[in-house]
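Everything below concerns the one structure shown next.
Indexing begins at 1, ligand by ligand and atom by atom, following the structure's order.
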Amino acid sequence: MNILVLFGPPGAGKGTQAVKIAEKYGWKHVSTGDILRAEVSQATPLGLKVKSSMESGQLVSDELLIQIMESVLLKNKEIPGFVLDGFPRTINQAQELDKMLQRLGWGISRIISLNVNEDELVKRLLIRAKEQGRKDDTEEVIKNRLVQYHQFTKPLLDYYKNHPGFRDVIGVGDIEGIFKLLCKAIEAEK
Ligand code: AMP
């Protein structure tokens with residue numbers, strides 16, 4: 001089983017690239033942000049629970065995310081691979097993901113860190129706010145999301161950097177150029 005973790009701050013381009021990767025390799029794109037946004041827009045009990053955290057740029061509880069991820073993996077066992085976009089976002093989520101994968105007899109094949117500097121991130125997130133009207137892309141919420149990233153998600157780099165599948169890719173440039181670098185990192189020998 002191919003398990004690719006696409007890692008990076010909000011605005012790094014994980015979503016755009018994850019869609020392209022999933023299409024090229026026939027893997028399932030799992031965006032926990034998209035899953036949660038769908039729950040919010042359908043006003044499901046889960047959606048109502050997570051709405052205020054999402055709209056203020058806070059992380060949703062590990063427990064909920066771990067349940068969501070486990071159910072997605074279990075429902076799609078026949079698929080040749082997964083691109084995880086936006087999960088794991090805390091050390092606890094990463095540890096639980098490792099346990100889940102172990103139970104399934106799988107493991108992470110690649111962790112790719114998509115690197116973009118902070119000024120560029122803010123610029124991109126503000127453009128996206130205009131284009132997509134995402135409620136969590138206002139200037140104040142963007143700042144909050146970046147704070148959450150630095151506090152909870154960035155420490156994951158230390159958790160993963162010694163993994164044999166860990167790679168860095170520069171996420172600045174045109175979409176196709178970045179995509180080529182990602183494919184090279186995916187296909188490189190371990
Ligand atoms: P994203 O589209 O990945 O930027 O996610 C949008 C929002 O969904 C985040 O700001 C969080 O509120 C929530 N979210 C998505 N994935 C996670 C996760 N793995 N852990 C906690 N919260 C998450």
Side-chain angles (χ1 to χ4, degrees), residues 3-22 28-74 76 82-101 108 111-116 118 120-160 171 175 182:
I3 309 274
L4 167 66
V5 174
L6 205 49
F7 183 88
K14 299 188 298 294
T16 306
Q17 297 293 343
V19 168
K20 292 172 72 66
I21 292 168
K28 185 172 176 60
H29 172 206
V30 186
S31 158
T32 45
D34 285 351
I35 294 172
L36 293 171
R37 274 185 290 279
E39 298 281 341
V40 171
S41 74
Q42 290 160 32
T44 63
L46 172 62
L48 295 175
K49 223 181 199 170
V50 302
K51 189 171 192 276
S52 68
S53 304
M54 287 187 73
E55 288 179 358
S56 62
Q58 304 286 120
L59 292 185
V60 171
S61 81
D62 282 346
E63 201 190 335
L64 282 178
L65 265 298
I66 289 158
Q67 277 172 19
I68 290 172
M69 187 52 59
E70 184 149 36
S71 100
V72 171
L73 294 177
L74 290 174
N76 293 282
F82 294 89
V83 191
L84 306 188
D85 157 18
F87 183 95
R89 245 174 163 110
T90 64
I91 301 265
N92 184 22
Q93 290 179 18
Q95 288 168 336
E96 291 301 320
L97 175 65
D98 283 341
K99 286 188 210 158
M100 257 179 239
L101 294 177
I108 293 176
I111 301 137
I112 302 184
S113 172
L114 204 49
N115 297 319
V116 176
E118 195 107 353
E120 174 73 18
L121 290 177
V122 175
K123 207 169 84 191
R124 287 186 190 179
L125 289 166
L126 287 170
I127 292 172
R128 188 163 80 186
K130 280 210 191 99
E131 287 175 358
Q132 298 179 0
R134 263 178 65 160
K135 285 216 175 85
D136 59 353
D137 273 349
T138 64
E139 203 158 344
E140 199 192 321
V141 177
I142 286 171
K143 272 195 204 130
N144 204 6
R145 293 172 67 209
L146 290 170
V147 168
Q148 301 274 307
Y149 169 76
H150 284 287
Q151 190 172 350
F152 299 109
T153 308
K154 209 173 170 193
L156 269 179
L157 281 175
D158 275 336
Y159 182 83
Y160 282 135
I175 291 175
L182 286 168

Determine whether a donor-acceptor pair (N or O, by modelled atom type, separation under 3.5 Å) exists between the side chain of N144 and the backbone of S56. yes

Looking only at heavy atoms, the pair that brings L121 and A12 closest together is CD2-N, 3.7 Å

If we number the atoms of ligand 1 from 1 as shown, the ones under 4.0 Å from a heavy atom of L36 are 8 (O), 13 (C), 14 (N), 15 (C)

Output yes when the distance from some N or O of ligand 1 to some N or O of T32 is under 3.5 Å, and no in every other case. yes

Check V141 against E55 and note the closest heavy-atom contact, atom names and distance. CG2-O, 3.5 Å

What protein heavy atom sits nearest atom 3 (O) of ligand 1, and how far away is it? R89 NH1, 3.0 Å

For ligand 1, note which part of L65 has a heavy atom under 4.0 Å away: side chain, backbone, both or neither. side chain

Tell me which protein heavy atom sits closest to atom 20 (N) of ligand 1, plus the residue, atom name and distance to 0.1 Å. Q93 NE2, 2.9 Å

Mind checking whether V60 contacts ligand 1 via backbone (N, CA, C, O), side chain (CB onward), both or neither, at a 4.0 Å heavy-atom cut-off? both

N/O donor-acceptor pair under 3.5 Å between Q93 side chain and R89 backbone: yes

Among protein heavy atoms, which lies nearest atom 8 (O) of ligand 1, and at what distance? M54 CE, 3.4 Å

Please answer whether the main-chain N or O of P9 pairs with a side-chain N or O of K14 as donor and acceptor at a distance below 3.5 Å. yes

Taking all atoms of both residues into account, what is the closest heavy-atom pair of S31 and R37, and its distance? OG-NH2, 4.4 Å

Is the contact between K14 and ligand 1 made by the side chain, the backbone, both, or neither, using heavy atoms and a 4.0 Å cut-off? neither

Minimal heavy-atom distance between M69 and V30, with the atoms involved, is CE-CG1, 3.8 Å

What class does the angle between the rings of F7 and Y149 fall in, given that below 30° is parallel, 30 to 60° is tilted and above 60° is perpendicular? tilted

Over all heavy atoms of both residues, which pair between V60 and L64 is shortest? Give the atoms and the distance, please. CG1-CD1, 4.0 Å

When distances are taken from atom 6 (C) of ligand 1, the protein heavy atom at minimum range is R37 NH1, 3.5 Å

Please verify whether a non-hydrogen atom of M69 lies at under 4.0 Å from ligand 1. no

Top protein contact for atom 12 (O) of ligand 1, by heavy-atom distance: Q58 O, 2.6 Å

Which part of Q148 is near ligand 1, with near meaning a heavy atom under 4.0 Å away: side chain, backbone, both or neither? neither

Ignoring angles and geometry beyond distance, decide whether D34 reaches within less than 3.5 Å of ligand 1 through its nitrogen or oxygen atoms. no

Of all the non-hydrogen atoms in the protein, which one sits nearest to atom 4 (O) of ligand 1, and at what distance? R145 NH2, 2.8 Å

